[in-house]
2 protein chains.
Amino acid sequence: MKSKATSFDIAYRAGVSQSTVSRALRNSPLVNEETRLKVQAIARELNYKVDKNASNLRTQQSATIALLLFEDPTSDDSMINPFFLSMLGSITRACSDKGYDLLVSFQQMNNDWHADFEDTNKADGIILLGYGDFVDYEQKLQQLIEQNTRFVRWGAEAKGLPIVSVGCDNFHGGYQLTEHVLKNGRKQFAFLGGASSHSPEFLDRYLGHCKALTDNNLKVDQAYQFDAISTEESGYDAARKLLDSDLPFDAIFGASDLIAIGAMRALQEQKVNIPDDVAVVGFDDIPIASFTFPPLTTARQNTKLAGELLVEKLLKLINEEAVDTTLMPTSLIVRKSCGS
Amino acid sequence: MKSKATSFDIAYRAGVSQSTVSRALRNSPLVNEETRLKVQAIARELNYKVDKNASNLRTQQSATIALLLFEDPTSDDSMINPFFLSMLGSITRACSDKGYDLLVSFQQMNNDWHADFEDTNKADGIILLGYGDFVDYEQKLQQLIEQNTRFVRWGAEAKGLPIVSVGCDNFHGGYQLTEHVLKNGRKQFAFLGGASSHSPEFLDRYLGHCKALTDNNLKVDQAYQFDAISTEESGYDAARKLLDSDLPFDAIFGASDLIAIGAMRALQEQKVNIPDDVAVVGFDDIPIASFTFPPLTTARQNTKLAGELLVEKLLKLINEEAVDTTLMPTSLIVRKSCGS
DNA sequence: CTGAAAGCGCTTACAG
DNA sequence: CTGAAAGCGCTTACAG
């Protein structure tokens with residue numbers, strides 16, 4: 001009952017050869033207008049659709065892009081990083097604008113990469129979003145390069161590796177946020193977020209932060225940097241450690257909005273007033289950021305543009321055109337949480 | 001340089017036939033252990049991956065599911081409904097747990113459905129999420145049924161149509177929320193959200209809401225129902241209309257969290273205190289809901305379970321097993337916005 | 001346990 | 001402008 005029509009069925013009904021059907025359906029100029037219309041009418045009538053597996057096999061391309069989303073190994077499965085989610089939205093849109101389908105896969109760093117989409121000919125190229133630990137991740141990148149896989153990635157430029165990246169100017173974003181808060185008279189900043197080569201984006205934000213401190217004649221004190229990954233929980237924990245340390249502080253820089261939000265919760269639990277007692281800033285401008293209490297001051301990363309750039313660059317790569325890495329600026333979004 | 005190895009290359013190197021390579025790679029018990037290991041070793045060495053287009057074409061199935069996400073036609077492309085986003089997350093996970101890939105597509109209701117994934121053999125089945133207008137949408141469903149497409153959908157049960165759905169008990173959720181607020185002494189509720197057959201979920205919530213009103217000896221007054229679609233903007237607009245109407249009220253039921261959040265903004269702009277002057281409740285429990293000020297009381301829809309059920313049911317459909325529709329309960333999440 | 005062969009449904013040079 | 005034919009890279013009955 002549900003056996004699908006093939007191009008042969010149409011050929012038979014139209015009284016032409018199967019080759020002609022194929023041409024007519026692809027609007028080849030080689031085929032006579034009249035024949036074309038007849039074939040297309042019959043195709044519509046039979047609800048015929050070209051079998052993609054067959055045509056992809058034949059043409060050796062799939063008009064499909066794979067998106068590989070890596071999650072922090074620790075993150076529970078309750079909530080995907082909202083930042084990536086909004087990226088996903090814009091990538092999906094960009095793909096469909098270009099006539100490409102999008103295959104989405106969440107990768108847990110611990111298990112094997114089943115990042116075989118391209119090798120497997122299911123996708124023409126890959127977009128990489130996020131990673132657990134950058135050091136592990138770099139090895140995977142290395143592998144992709146060796147396999148000659150076409151891919152682009154979101155993130156800080158991978159120094160040394162010939163990889164096309166789209167990322168934000170994390171250093172400048174960190175600088176800008178910090179400077180803004182300092183201009184409002186804060187003296188003692190704490191930074192919550194891992195600041196090592198294991199998370200280069202956070203590291204860049206931290207370095208920008210430090211630069212702003214020294215430019216404003218403040219000392220950088222390592223004791224004020226607390227590790228955290230990009231979850232609300234982790235931000236909460238880091239802020240607890242800060243509070244328990246009895247170090248004096250009047251400002252917190254959360255390496256991501258999620259971290260900042262967790263920190264706000266920890267502070268408010270202790271009746272610390274935000275921003276009067278402590279200014280808090282985050283990074284990303286995820287949708288939640290404008291709804292927190294108080295609303296969060298942050299550095300916005302333009303996910304819409306980022307998604308478009310990623311897709312655009314990947315398509316160029318697929319078409320063997322020259323492509324380079326883009327570093328996008330962030331924009332300072334001032335809300336109530338920083339006290340100005 | 002980048003020509004990929006095929007099973008023939010492996011066969012050549014292993015000194016066996018291509019059929020044997022294929023069998024060995026699929027761990028067929030027919031093949032000798034020793035041969036199998038040799039073949040697999042060579043495959044690994046050559047970084048060989050089975051071409052999915054070829055194997056899908058041959059086996060006539062793709063181990064891929066397509067997710068079609070319909071957006072409200074009016075929603076701008078800045079922000080996807082967070083509720084669907086979290087659904088997307090859980091569907092992605094459920095798919096990869098089952099060894100299926102996920103093709104994601106955002107559909108704008110206005111343009112043609114290019115919902116051809118299944119017809120096209122790119123996917124074995126389809127999951128439908130959201131819709132613009134239910135009445136238009138129903139026609140599309142009808143079409144899918146006629147084409148014998150295997151699909152499941154999220155949403156209120158489609159009466160009459162033989163469709164497998166997973167949805168929440170919107171009526172009961174609406175009842176529960178309303179009753180909870182009434183128990184706290186509120187007397188005059190407004191309902192923000194379209195309550196017609198164009199959005200059956202909202203309608204069910206409204207009907208549950210009305211039932212709770214009458215059960216508590218309150219009159220249902222149509223004047224207190226204001227249309228809105230599920231965006232923050234639309235909730236804001238509806239609340240503005242409510243405010244401008246000069247109707248007295250001390251509680252607002254937002255048909256979704258997004259609507260409730262927009263309404264809160266409108267109220268707070270007018271210095272209306274939430275919850276002292278007006279209690280506000282929403283529906284969905286999107287991630288933002290716990291971060292609003294005050295945090296939003298709402299009815300949680302279990303997106304994790306929903307995603308799993310959708311995938312599970314679709315796979316059963318694909319395997320021609322019997323499947324039925326599931327109506328999940330919602331849970332009342334009491335936070336500060338309702339004043340208790 | 002293994003191999004030769006057919007065939008999944010297309011696209012596209014090639015010949016006319 | 002059209003048709004006959006090859007071939008994309010697999011899987012799997014069939015024969016041994």
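In what follows, chains are A, B, ... by sequence order, proteins preceding strands, each numbered from 1.
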Given the rule in the side chain to side chain donor-acceptor pair (under 3.5 Å) test, do Ser17(B) and Thr20(B) qualify, once you have shown the distances and angles that lead to the verdict?
CA-CA 5 Å; Ser17(B) 73; Thr20(B) 300; 3.1 Å; yes
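- Taking the side chain as every heavy atom from C-beta outward, Trp154(B) and Tyr131(B) never approach each other to under 4.5 Å.
- Of the residues near DNA chain D, Thr59(B) and Glu33(A), the one whose nearest nucleotide (by heavy atom distance) lies more toward the 5' end is Glu33(A).
- Sorted by residue number, the members of residues 15-22 of chain A with any non-hydrogen atom under 4.0 Å from DNA chain C read Gln18(A), Ser19(A), Ser22(A).
- The gap from the P atom of dA13(C) to that of dG9(C) amounts to 23 Å, rounded to the nearest Å.
- Residue Val39(A) comes nearest to Ala14(A) through the heavy atom pair CG2-CB, 4.2 Å, listed as atom of the first residue, atom of the second, then distance.
- Within the 4.5 Å cutoff, the side chain of Leu327(A) has no heavy atoms near those of the Glu157(A) side chain.
- Judged by distance alone with a 3.5 Å cut-off, a donor-acceptor contact links the side chain of Arg23(A) to the base of dG3(D).
- Here the separation of dT12(D) from dG16(D), taken at their C1' atoms, is 16 Å to the nearest Å.
- Checked for salt-bridge contact, Arg150(A) and Asp124(A) miss the test: no charged N lies under 4.0 Å from a carboxylate O.
- Smallest separation of non-hydrogen atoms from Ser165(A) and Thr325(A): N-OG1, 3.1 Å.
- Between the P atoms of dT2(D) and dA6(D), the separation comes to 22 Å (whole Å).
- Proximity of Phe70(B) to Phe84(B): side-chain heavy atoms (C-beta onward) are nowhere separated by under 4.5 Å.
- Within 4.0 Å of Arg26(B), counting heavy atoms only, lie sugar-phosphate atoms of the nucleic acid but no base atom.
- Within the 4.5 Å cutoff, side-chain heavy atoms of Ile318(A) are placed close to those of Leu314(A).
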Given Watson-Crick and G-U pairs under 3.5 Å, DNA chain C in dot-bracket ([ ] crossing, | other strand) is |||.||||||||.|||
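- OP1 or OP2 of dC10(D) has at least one side-chain nitrogen or oxygen of Ser7(B) nearer than 4.0 Å.
- Taking side-chain N and O atoms only, Gln60(A) has no distance below 4.0 Å to OP1 or OP2 of dG7(D).
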